A.B. asks: 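Before anything else, here's the structure in question.
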Amino acid sequence: MIATVVGMVTAGRSAATRGVRPAIRALGVSAVAALLTSCAPLLAANPQYATDEGAGPQGAPEPTPTVSGPPAWEAPSADNDRALNWSDCTAQTFRDADVAPVPGVTLECATYDADLDPIKGANGTIPIGVVRARTSATPADAGPLVFTTGSDLPSSTQLPVWLSRSGTDILKTNPIVAVDRRGMGLSKAIDCRDLFDRQEMIDQTQFETGDDPVAKLGAIAQTATTTCTDTIAPGDSAYDNAHAAEDIERLRSTWDVPTIALLGIGNGAQVALAYAGSHPDKVSRLVLDSPLPLAIGAEAAAEQKVKGQQAALDAFAAQCTAINCPLSPDPKGEVDALLKAAREGRGPNGASEAAVADAITTALAFPRGDRVAATNALGGAIAAARGGDTGAMTDLIAQAEDLRQTDGQFVNSCSDALNRPTPDRVRELVVAWNRTYPQFGTVGALRMVNCLSWPSGSAGEDPKDLKIPTLLLGVQNDPVIGNEGVAAVAATIINAGSNSKRVIFHGIGHGASIYSPCALPPVVGYLEKGTLPETDTFCPA
């Protein structure tokens, strides 16, 4: 009977997803003690357990079951690491990210060649840029954490931001290697759109004549698609999540290590999930922060994003009022007024409604400083623009365009856009979302037009046999992907035979591990031990 109870407890530890752990907890200490007491006479009746007096040979004891842990997470050998030809880029990388250098942190940059299309067999290679962060205290024999933000923004740009906040906690035990997606950041940025077409797509053709914005924008997007697919040929189908996952596999094989640890944020989490699908036996740790399912359709992804933008604006307005920021007492009303002015051609420095909306949502997604400082900074920029001083808002508009409207992001995000709506469906959504999501619905619906002419792609494979636990993180008010992805990806993880725990940040931003100090300790613990926290974690704003 003792063996039965112990077996129940052991099963509870390894099968939380089957509901055993709650049952064991429900028993409580006293209940387990009662079971043991009630079983004592039965155990004592067997002389082999009660006493060795007069007992015959017992035979070899049964072997203790070995609980398999996560695969080994190793550092590359010195020779394999040198193959990347690292060079110091500390000052330049922090400067490009507009972040003050973090004392004691060294950044090194490198590139390596990945096959252009290992999936469909197109010949040629493509350069992939990486940045490694470490300190003098980072163990030399520790495996690197591979970090990616996918197409949301260059990983090499977000890594310094993370290090300036709390990411250096990871450097105490492991180096971090950020991998840029194809055509972005250090991965030889793509330059394929005509400058006029690029600006028209940013402005959603607001200043062009005609009453059908879908048709106007569709014509520009079709021209941009033709130009860009010609530029990247023969790799016009090689810029999706699945190929980004193969670029990470090339890094692992260059290092010649058995497995890697992956932390992906947003689209980077999709890339990490695709890697776990195509190389499940090569992953020793898997952290998916602000994820979306691999097979999510373009319309569903766009609506989740707009919902996240509206939620972030509501949370910002509440914070703004609470601290009496420059937009008080009616922050949301002031945002509405600024967007309306831009829609009527009176935007800051002539900016379009889409450009102003992108600037606001980008500032919410990637805040600088603490919560109060970030709220006051955005509130101050909007208030100043409403008063005629457009300098700060114009800077935010330029930053948003540089960070999130590059040709590489156009190519990668369209390559990942699945089951795109028809132009008529977009027209319906422009009307419907304008009512449901009054600040950002129209802009969000029209953004889908950018990818309507892009060659259709396919989703990467979901993991099928994932033998490691997965840590899931999310942000309640995420203006980039919304907050519904964690639940959907948790189901994917269950179907892959894995289990997971959640860490949810109830604040504003894109990436709980970046913007919540509370969210990082569970990540550090999981990376160190390979085991999940006992419970889900909920971090306050």
Side-chain angles (χ1 to χ4, degrees), residues 75-76 78 81-113 127-140 142 144-191 247 251 254-255 263 265 268 362-363 365-370 373-374 377 392 395-396 398-409 509-511 513-515 517 520:
D81 187 54
R82 278 195 295 269
L84 273 73
N85 195 24
W86 297 100
S87 62
D88 186 277
C89 59
T90 305
Q92 183 67 45
T93 305
F94 277 111
R95 183 165 53 249
D96 289 347
D98 195 24
V99 174
V102 178
V105 173
T106 298
L107 300 180
E108 298 161 292
C109 295
T111 59
Y112 62 93
D113 289 334
I128 303 299
V130 289
V131 180
R132 178 171 62 190
R134 55 184 177 176
T135 70
S136 59
T138 305
L145 171 65
V146 177
F147 168 70
T148 174
T149 52
S151 61
D152 297 336
L153 76 168
S155 307
S156 58
T157 299
Q158 191 66 336
L159 176 60
V161 175
W162 192 18
L163 296 172
S164 72
R165 302 178 76 92
S166 54
T168 52
D169 289 352
I170 290 176
L171 299 184
K172 296 173 184 176
T173 56
N174 300 90
I176 303 172
V177 174
V179 183
D180 281 336
R181 272 195 75 155
R182 299 180 170 202
M184 292 176 54
L186 300 180
S187 295
K188 193 180 180 182
I190 295 173
D191 183 9
D247 293 342
L251 177 62
T254 299
W255 279 334
L263 189 157
I265 300 177
T362 299
F366 307 104
R368 295 299 179 92
D370 60 25
D395 287 345
L396 290 180
Q399 290 167 15
E401 291 180 4
D402 290 344
L403 191 65
R404 309 202 58 215
Q405 298 284 355
T406 67
D407 290 356
Q409 285 161 308
H510 180 54
S513 56
I514 304 289
Y515 296 106
L520 197 58

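Note that the structure is a prediction, hence the values are computed from the model and not measured.
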A.B. asks: Looking only at heavy atoms, which two atoms of Ile128 and Arg182 are closest? And how far apart?
C.D. replies: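 Closest approach of Ile128 to Arg182, heavy atoms only: CD1-CG, 3.9 Å.
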
A.B. asks: Give me the atom names and distance for the closest heavy-atom approach of Cys109 to Val131.
C.D. replies: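 Taking every non-hydrogen atom into account, SG-CG2, 3.8 Å.
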
A.B. asks: Strictly distance-based, threshold 3.5 Å: is any side-chain N or O of Gln92 a donor or acceptor partner for the main-chain N or O of Cys89?
C.D. replies: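 No; judged by distance alone, with no hydrogens or angles, the pair does not exist.
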
A.B. asks: Without swapping roles, check the side chain of Ser151 against the backbone of Gln409 for a donor-acceptor pair under 3.5 Å.
C.D. replies: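 Not a single qualifying donor-acceptor pair exists.
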
A.B. asks: Indicate yes or no: at least one non-hydrogen side-chain atom of Asp113 is less than 4.5 angstrom from one of Pro127.
C.D. replies: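 When only atoms from C-beta onward are counted, Pro127 and Asp113 do touch, with a gap below 4.5 Å.
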
A.B. asks: With no hydrogens and no angle check, is any side-chain donor or acceptor of Ser155 less than 3.5 Å from a backbone partner on Thr149?
C.D. replies: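 Side chain of Ser155 to backbone of Thr149, a donor-acceptor pair under 3.5 Å: yes, one is there.
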
A.B. asks: Are any non-hydrogen side-chain atoms of Leu163 and Val99 less than 4.5 angstrom apart?
C.D. replies: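 Leu163 vs Val99: side chains apart.
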
A.B. asks: Contact between Leu403 and Phe366 at the side-chain level, heavy atoms closer than 4.5 Å - yes or no?
C.D. replies: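 They are in side-chain contact.
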
A.B. asks: Okay, side chain of Thr93, backbone of Thr90: is any donor-acceptor separation there less than 3.5 Å?
C.D. replies: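 The answer is no, because no donor-acceptor pair under 3.5 Å joins these two groups.
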
A.B. asks: Taking the side chain as every heavy atom from C-beta outward, state whether Leu251 and Leu84 have any pair of such atoms under 4.5 Å apart.
C.D. replies: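 Heavy-atom side-chain distance check passes, below 4.5 Å.
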
A.B. asks: What distance separates Arg132 CZ from Asp88 CG, expressed to the nearest 0.5 Å?
C.D. replies: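 So the gap between those two atoms works out to 11.0 Å.
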
A.B. asks: Quick check for you: to the nearest 0.5 Å, what is the distance between Gln405 atom CD and Thr362 atom OG1?
C.D. replies: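 If we round to the nearest 0.5 Å, Gln405:CD and Thr362:OG1 are 7.5 Å apart.
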
A.B. asks: Which heavy atom in Pro76 sits nearest to a heavy atom in Pro144, and how many Å separate them?
C.D. replies: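 That would be CD-CD, 3.9 Å.
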
A.B. asks: Minimum heavy-atom separation for Ala178 to Ser156, with atom names?
C.D. replies: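 Minimum heavy-atom contact is CB-N, 4.4 Å.
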
A.B. asks: Within the 4.5 Å heavy-atom criterion, are Asp152 and His510 side-chain neighbours or not?
C.D. replies: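 With C-beta onward as the side chain, the pair touches.
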
A.B. asks: Please collect all ring pair (Phe, Tyr, Trp, His ring centres under 6.0 Å) contacts where either partner lies in residues 164-183, sequence neighbours excluded, each pair once.
C.D. replies: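 Applying ring pair (Phe, Tyr, Trp, His ring centres under 6.0 Å) to every pair that reaches into residues 164-183, excluding sequence neighbours, yields nothing.
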
A.B. asks: Name the one of Ile170, Asn174, Asp169 that satisfies side-chain contact (heavy atoms from CB on, under 4.5 Å) with Lys172?
C.D. replies: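 Passing option: Asp169.
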
A.B. asks: Closer than 3.5 angstrom, by distance alone: can the side chain of Arg368 be matched with the main-chain N or O of Asp98 as a donor-acceptor pair?
C.D. replies: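 Yes, the answer is positive, given that a donor and an acceptor are paired below the 3.5 Å cut-off.
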
A.B. asks: Please report the shortest heavy-atom distance between Ile514 and Gln158, naming the atom on each side.
C.D. replies: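 Smallest interatomic distance, heavy atoms only, reads CG2-NE2, 4.0 Å.
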
A.B. asks: May I ask you to test the Asp395-Gln399 pair for a side-chain heavy-atom distance under 4.5 Å?
C.D. replies: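 Asp395 reaches Gln399 side chain to side chain.
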
A.B. asks: Within this structure, what is the CG-OG1 distance for the pair Asp191 and Thr406, rounded to the nearest 0.5 Å?
C.D. replies: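 Spacing of CG (Asp191) from OG1 (Thr406) equals 10.0 Å.
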
A.B. asks: Using atom types as modelled and distance alone, determine if a side-chain donor or acceptor of Tyr112 lies under 3.5 Å from a backbone N or O of Asp247.
C.D. replies: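 Confirmed, Tyr112 side chain pairs with Asp247 backbone.
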
A.B. asks: Kindly indicate whether the side chain of Leu159, heavy atoms from C-beta on, has any atom under 4.5 Å from the side chain of Ile176.
C.D. replies: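 Side-chain contact under 4.5 Å: yes.
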
A.B. asks: Step by step, work out the side chain to side chain contact (heavy atoms under 4.5 Å, CB included) result for Thr135 and Thr168.
C.D. replies: CA-CA 9 Å; Thr135 70; Thr168 52; 5.6 Å; no

A.B. asks: Going through the checks in order, is the side chain to side chain contact (heavy atoms under 4.5 Å, CB included) test met by Val161 and Tyr515?
C.D. replies: CA-CA 9 Å; Val161 175; Tyr515 296 106; 4.1 Å; yes

A.B. asks: Any donor and acceptor pair, going by atom type alone, linking the side chain of Asp180 with main-chain N or O of Leu186 inside 3.5 Å?
C.D. replies: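 It does hold such a pair.
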
A.B. asks: Would you name the heavy atoms of Leu520 and Ser513 that are closest together and state the gap between them?
C.D. replies: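 Taking Leu520 first and Ser513 second, the nearest heavy atoms are CD1-O, 4.0 Å.
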
A.B. asks: What I'd like to find out is whether the side chain of Trp86 reaches to under 4.5 Å of the side chain of Thr106, using heavy atoms alone.
C.D. replies: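 In short, these two side chains do not touch, never coming nearer than 4.5 Å.
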
